[in-house]
Each structure stands twice: as structure tokens, then as C-alpha cells.
Amino acid sequence: MGQNIGTLIIFGASGDLTSRLLLPGLASLLGSSRGEELHLIGVDRGDVSDADWHATVTASFASESSALATKVAKNSRYLKADVTSKDDLARVLGEATGRVALYFALPPAVTILACTTLATMDLPKGVMFALEKPFGTDLASARKLNRLLETMLPEEQVFRVDHFLGKSTVLNLLGLRFANRIFEPLLSAPNVERVEIVFDETLGLENRAGYYDKAGALVDMIQSHLLLVLALTAMEPPASLDADDLRGAMAQVLRATRTQRKNGTSSRRARYGAGTINGRALPDYVDEEGVDPARGTETLAEVTLEIDNWRWAGVPFMLRSGKALGVGRQDVLVVFKEVPHLPTGLTGVAGPSCLRISIKPATLDLDLVINGQGDPFTLERSALHSDLGSGELSAYGEVLAGLLESDPTLSVRGDVAEECWRIVEPVLAAWRKDAVPFESYAAGSAGPTAWQ
Ligand code: BG6
């Protein structure tokens, strides 16, 4: 391929994702050393004037303004179209110049319909597809969508977007693990007690019921993002970071990953009720506009997984994510086993050493047990702390750079997307059957009391 993208077409241009994440990410890329000129076309079903579209783009670009971003905003266009209509799609594609990238910033069910229509058309040569998460709505639909895409374009032209793979802190796992002899040999079952991958947020629903109420915390975060963080934490060292090696290593460890109990009951779920977070009152989740209480959507999900391979057999990996919690915690925590024998005479609190790679803020802490400052034979805990760089591009900027440069390294490969669904399927089934209690917590709390 080699040639950069000439036109970026965003389907779902009026959506929250486009203005809140995608366009600011594009601005971050355009203002960086990797920015290249392109033609931006926004597509959606509503009537939006070019002037209103320019205003949306300009507002979203404001945080990262640059001469190139201003030019792209000025030349961008809005087209009204139904992405499931062949005629409309042909008209939109007819407006593109150079190589084209189609960004599906749409709910998964609409993306599937749009792809089904596009499969009946002649596609522009070298076209790239970028598909937002969640990829499909379950394992069966993800498989079906993958088989459909295979008939349309080569895998390296399909970008399944996970902006977590663009987060510099997540990518820091690679440097930390594979460029330091002191960590890698210790990351294995004989030395590690357990691993926690947690993304607890203080944010509530934030007017996203249309999407979130159908997804829930398990699909929104664990299936879509945290399993990929698990893959980077637990995979075998790849020979290189090219797309085949890196994604092959991720796929391999995910294939060995399963729920701790096969029936999906090694999981917990809960939903927030009314409460206060940092002085901000939040209504009960079910009272938020657009929420259908009958769906029984969870806003806090936890799953315990195991990786059936030589390195990790028997080590629990706890993945958790929730909204409206009192304290945000977003990190990967490796808890090491205690020493086999503490010499008699050393007193005080020993406890395990822990390695914490914090995704937000970008920090690294190694908690150690050392000789105390007062009595040298009394143990104390101490932390080695480091701030991690935040990277030149935002997470969306990094992912868009890969898309526009046609480098799939940071996109989710088809089989990986299917594995992520396969891993959570038993949990979804157990929850559907009510085999796992549906608990509750007040917004602003630390989660259900029983979990603490
Ligand atoms: C998104 C989820 O993909 O990631 C949100 O849909 C979540 O629910 C968000 O809040 C977290 O990522 P970030 O980059 O905004 O911290």
C-alpha cells in the first residue's frame, strides 16, 4: 500500500464519539510531526449545514490547534446520507479523492448493516475500514461480521479500533516488560500471586444511554479494552513489534484465557443508585434519560480469569471496571508472592511486593518491603515511583495515525476480537440466567458493601 489516506469519511459524524474523541484525536495527529493533509467528510442522517459542521469540527479541534488542522477543518464537508442505502453510499464514495478510509463511528448493529450494503458494491482500491468497539454484539455476530469483511477486503485493511491500544501508558507495558531484565523473569506463576486490571471511573453515564445501556460495563470495558491490556501484560515476548508478531502474541495468550469457573460464575455485577461524587449529585442509573430498567444493565463488572499455559497456570487475573465510583483507579497491579522464608529476627509488616502500572495518571510504582528507618530490624513498606511519559499523540490520535498510515499494529485483529467475545460469553450467559446476583451500590461509594 504505502500511500497515505487522501479522504477520511466519518460515518456517525453527529455522534458524541466523533466530536468528543475522534475529531480531537485527529487534531492531535494533524498538529504532530506525523500529520498529513487529508480531506475530511462527515456523514450522518440528519440535516447539517456545512457551516454547522465546520463549527463542530473547529470546536473539536480547538484543544490542539495547528495550521494543518485549521486547513483540514476549513476544507471539510458534511454529507447527509443513510449508511445502509447503496445509492447514498455510492454518492458519498463518489466525493472522495485519493485513498479512502471509512470510519464507522456507529453502534455495532448499524455498522453491520452498513458493511452488508458495502459488500454489494465495488469498493475503492485500497480502502481502509475503521470499526469502533464493540465489534459485533456477541461472539456469533463478531464471527459473522469477520467472515463478511473477509469477502470484502484483506485483513490489513480492517482496523478494529481500540483506543486503549493507543494509550501510551498501555504501550508502556511493552517497554517495561521487554526492555528490563528485572521484571520479565518474575512475571510468571512461581512468583506472582495475582494480577488485577482495574478501570474504575468516577464518571457516570454522561448522557450515553443510547449506547451504554445496551452494552454495560462488561462489554463496554472488559470485553472491549481490558482483555487487550491483559494480553499485553501476559503475552510471551514477541520477536518484533510489527503487526504480525505483536498481534500474534496477543492472540496466543488470549486463546489460553478463560473464566476461572467455566460456567461464568467467577464474576460479579452491580448497578449504581443515586449518590454524590465529589459534591456532584448523580441520579439512580435507572432514572437517567434513555435507560430501560428492563435491560438490567450493570455499571460495575468484575471477572476472574485464568490463563491455561505454562507461564500463568493457576494465577488469577481479576478484571474490573465500573462507573460512578467514589475513587477512580485505573491500573494494572501485579501482586508478587511472599518470600518463602523471612529470616527470624526481621519483624514488622512484611507482605507482598507489588508492581503497579497506572494508566491514569501515567505512573509506575514498585512497592517494596525494606528495613525500617528507625529500628533497622523492623520492616517497612516503601515505594519506588516513576512518572511515565504521556506520549506525543492522544490515544485516538495514535490509533488514527495507524489507520491513516495503513499500519495495523495497534488495531485489533479479527481473531483477537472473536477471542475477547469467547472469553466473556460464559459470563454473559450466567448473567442472563441470573446465576450471579445483581448487586447495587450508591454512586460515589466504593461499590457494593459485600465487595469490600
Ligand atoms: C470508552 C468507554 O471506550 O472508554 C467509556 O466507552 C470509558 O465508557 C472510556 O469511559 C475510558 O477511556 P478514556 O480514554 O476516556 O479514559
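Counting starts at 1 for both ligands and their atoms, in listed order.
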Under 4.0 angstrom from ligand 1, any heavy atom of [X]?
X      : answer
Glu206 : no
Asp220 : yes
Tyr212 : no
Gln330 : no

* Asked: Relative to the heavy atoms of Lys133, which atoms of ligand 1 are at a distance of less than 4.0 Å?
  -> 1 (C), 2 (C), 3 (O), 6 (O)
* Structure fact -> In ligand 1, the atoms that come under 4.0 Å of a heavy atom of Lys323 are 5 (C), 7 (C), 8 (O), 10 (O)
* Asked: Rounded to the nearest 0.5 Å, what separation is found between the OG atom of Ser411 and the CZ atom of Arg160?
  -> 7.0 Å
[atom] - nearest protein heavy atom and its distance:
atom                    : answer
atom 10 (O) of ligand 1 : Glu201 OE2, 2.7 Å
atom 3 (O) of ligand 1  : His225 NE2, 2.7 Å
atom 16 (O) of ligand 1 : Lys360 NZ, 2.6 Å
atom 5 (C) of ligand 1  : Arg208 NH1, 3.4 Å
atom 14 (O) of ligand 1 : Lys167 NZ, 2.6 Å
atom 4 (O) of ligand 1  : His163 CE1, 3.4 Å

* To do: Classify the ring geometry between His225 and Phe164 as parallel (under 30°), tilted (30 to 60°) or perpendicular (over 60°).
  => parallel
* Distance under 6.0 Å and angle within 45° of the ring axis: does Arg269 meet both against Phe438? -> yes
Salt bridge flag under 4.0 Å for residues [X] and [Y]:
X      : Y      : value
Arg311 : Glu184 : yes
Glu419 : Arg422 : yes
Asp308 : Arg258 : yes
Asp213 : Arg208 : no

* **Audit row: Leu8, Val100, side-chain contact (heavy atoms from CB on, under 4.5 Å) steps and yes/no** => CA-CA 6 Å; Leu8 171 64; Val100 186; over 6 Å; no
